[in-house]
Every structure is written in C-alpha cells, then in structure tokens.
Amino acid sequence: ARLDPHPESLSLILTRSSPAGEEGYPGTVDVTVGYNLSDANALSITYLATTDAPTVLNLSNHTYFNLAGEGSGSILRHALLLRASHYTPVNELLIPTGEIVPVAGTPFDFTEARVIGDRIDQMDEQLAFAGGYDHNFVFDRAADLPFQPNFMVRVIDPGSGRVMDVLTDQPGVQFYSGNFLDGSFAGTSGRTYERQAGFCLETQHFPDSPNQPHFPSTVLLPGERGFHSSTTFAFGRL
C-alpha cells in the first residue's frame with residue numbers, strides 16, 4: 001500500500017525505516033505517515049507500516065489541543081463526549097492492570113458530554129494515580145465487524161463555540177488532560193503552558209497490549225497488507 005497526496009488539499013507524507021533491533025524491537029519496520037488538511041478544516045492522519053519479522057506496533061499522535069486558542073489557559077471548561085462505555089484502569093505507574101471496566105457511575109463516564117473539570121478533582125484512586133485523566137478508553141464497537149473510521153469523540157469549547165470531532169478506526173483512545181504540563185514550555189504566543197493547558201486524544205490500540213492477551217493484538221506480521229490506520233480531527237462550530 002502507499003499514500004498519495006490529495007490534490008484538493010494540503011498534504012505531507014513522511015517515511016522512516018526502523019532497523020531491526022532498534023529499541024529492542026525485532027524486524028525492520030517501514031513506516032509512512034500522511035497528514036492531510038482539507039478545505040473543510042479536517043486534519044486526517046493515515047499510518048502505513050510493514051515489517052520483515054513479527055513485531056509489535058502501536059502508532060498514535062500526541063498533539064495537544066486547546067479549542068479556546070493557543071496559550072488561552074485551562075481546558076477544564078471544555079466538554080467531552082466519548083463513545084466508550086468502558087476503560088482500562090491503571091496501577092500507580094500508570095500501566096494498565098489488564099481490567100476492562102464500565103465507566104458508569106465513575107468520573108470516567110463521558111458517554112454523554114460532560115465538562116472535563118467537573119469531576120477531575122474527585123476522590124478517586126485512578127484520578128489520583130494520574131493527577132487527572134491519563135487513561136485508555138475502550139470504544140463501543142461491534143466485535144464481529146472490521147473497524148472503520150467512525151465518529152467516536154467530540155470536544156466542545158463553550159466560550160468560543162469551537163467543536164472538534166474525532167473519527168478513527170482504532171479500538172481505543174488515550175485521553176490525557178495535560179496533568180504534567182508545568183509552565184516550563186512557551187508556545188507561539190510567548191505564554192507558558194501551565195498544568196492542564198491542553199488535552200490529548202491519542203487514538204490507538206490499548207497500552208500494554210503485548211502483556212495483556214485479552215486486549216486487541218498489536219502484533220504486526222510480515223505480509224503485503226501490513227498495518228493501516230486512519231484518524232481524522234474535524235473542526236467546526238456549534
């Protein structure tokens with residue numbers, strides 16, 4: 001498979017070959033990542049990868065977002081909706097325990113749009129481990145159907161009216177509320193990014209999947225098809 005630029009939009013295609021043994025992973029892995037910005041204000045990221053030996057692979061994107069604008073302060077007033085009725089709890093090292101538990105009745109229930117800051121300071125062991133949200137959410141999908149890019153996440157900034165929808169073919173998303181931002185980095189405005197000044201939505205397979213056999217597999221085998229994934233961040237207004 002290959003990625004071709006979209007003639008009606010702005011595209012960037014990047015490639016890298018990871019040699020066998022790099023960071024301890026077997027097999028030479030050739031990766032192509034395509035970024036496409038459409039005229040409809042949608043940023044799509046497409047991943048392709050092949051290997052010449054069985055290995056594990058879990059590609060994602062760690063972009064920080066703040067829909068109120070760059071350097072505008074906390075994201076705690078944003079509202080978040082996740083089509084995820086389960087999540088994977090973590091231990092004190094933020095490694096998944098292997099459990100897949102319902103979000104109902106917990107601060108992790110975003111099955112209806114909820115303001116991020118409403119429950120982030122609740123007395124909850126999981127929130128205490130991460131200093132906020134830094135957890136993998138399990139998307140609600142039919143287990144017997146192939147994954148397709150579908151609407152899975154919506155974020156709303158009520159102040160600006162900006163909306164971001166996330167469409168992905170991945171089984172989960174790591175929602176991170178910027179708990180470890182500490183003011184040591186300044187953005188393009190010159191303003192520093194303090195704690196919870198941005199959020200991340202990292203569409204991916206579940207963390208620690210190689211050690212959790214009941215999680216969706218991240219094993220990549222040699223073959224013509226290889227790995228293929230797509231995520232779109234679509235921007236609009238209320």
Regarding [X] and [Y], is there a side-chain donor-to-acceptor distance under 3.5 Å anywhere?
X	Y	result
Glu194	Thr192	yes
Asn58	Thr218	no
Asn36	Ser44	no
Thr97	Glu99	yes
Ser74	Gln196	no

Looking only at non-hydrogen atoms, find the nearest pair between [X] and [Y] and report the distance.
X	Y	value
Leu59	Tyr47	CB-CD2, 3.9 Å
Val103	Thr106	O-OG1, 2.7 Å
Arg141	Asn150	NH1-ND2, 3.7 Å
Ala197	Ile75	O-CG2, 3.7 Å
Leu94	Phe129	CD2-O, 3.6 Å
Ser17	Asp30	OG-OD1, 2.8 Å

Is the count of non-hydrogen atoms from other residues, nucleotides or ligands lying under 6.0 Å from Glu112 atom CD greater than 12? no
Neighbour count above 12 (heavy atom, 6.0 Å) for Arg119 CZ: yes
Are side-chain heavy atoms of [X] and [Y] found at a separation under 4.5 Å?
X	Y	result
Ser18	Thr28	no
Thr88	Asn136	yes
Phe175	Leu201	yes
Tyr35	Thr46	no
Phe199	Val155	yes
Val166	Met164	yes

Checking [X] side chain against [Y] main chain: does a donor-acceptor pair fall under 3.5 Å?
X	Y	result
Arg162	Leu67	yes
Arg83	Phe151	yes
Asn179	Ala130	yes
Asp157	Gly161	no
Asn66	Gly73	yes
Tyr176	Phe180	yes
Arg237	Ser160	yes
Arg191	Gly71	yes
Thr51	Thr55	no
Asp169	Ser230	yes

Kindly indicate, with the supporting measurements, whether the criterion side-chain hydrogen bond (donor to acceptor under 3.5 Å, both in side chains) is fulfilled by Ser229 and Gln170. CA-CA 7 Å; Ser229 177; Gln170 290 295 282; 3.0 Å; yes
Under the side chain to side chain contact (heavy atoms under 4.5 Å, CB included) rule, what do Leu10 and Leu12 come out as? Steps first, then yes or no, please. CA-CA 7 Å; Leu10 298 175; Leu12 173 67; over 6 Å; no
Before you tell me yes or no, could you show the steps for Glu70 and Tyr64 under side chain to side chain contact (heavy atoms under 4.5 Å, CB included), namely the whole-Å CA-CA distance, both residues' side-chain angles and the distance that decides it to 0.1 Å? CA-CA 10 Å; Glu70 191 276 325; Tyr64 285 85; over 6 Å; no
From the options Phe206, Tyr87, Phe215, select the one residue that forms a side chain to side chain contact (heavy atoms under 4.5 Å, CB included) with Pro96. Phe215
What side chain to side chain donor-acceptor pair (under 3.5 Å) pairs are there with at least one residue in residues 120-134, not counting sequence neighbours? Gln126-His135, Asp134-Gln174
Relative to the ring of Phe137, is the ring of Phe110 parallel (under 30°), tilted (30 to 60°) or perpendicular (over 60°)? perpendicular
Side chain to side chain contact (heavy atoms under 4.5 Å, CB included) assessment of Thr203 paired with Asn61: CA-CA 7 Å; Thr203 57; Asn61 180 275; over 6 Å; no
Please assess Phe139 against Val153 for the test side chain to side chain contact (heavy atoms under 4.5 Å, CB included), listing each intermediate value before the final yes or no. CA-CA 9 Å; Phe139 288 137; Val153 184; 3.9 Å; yes
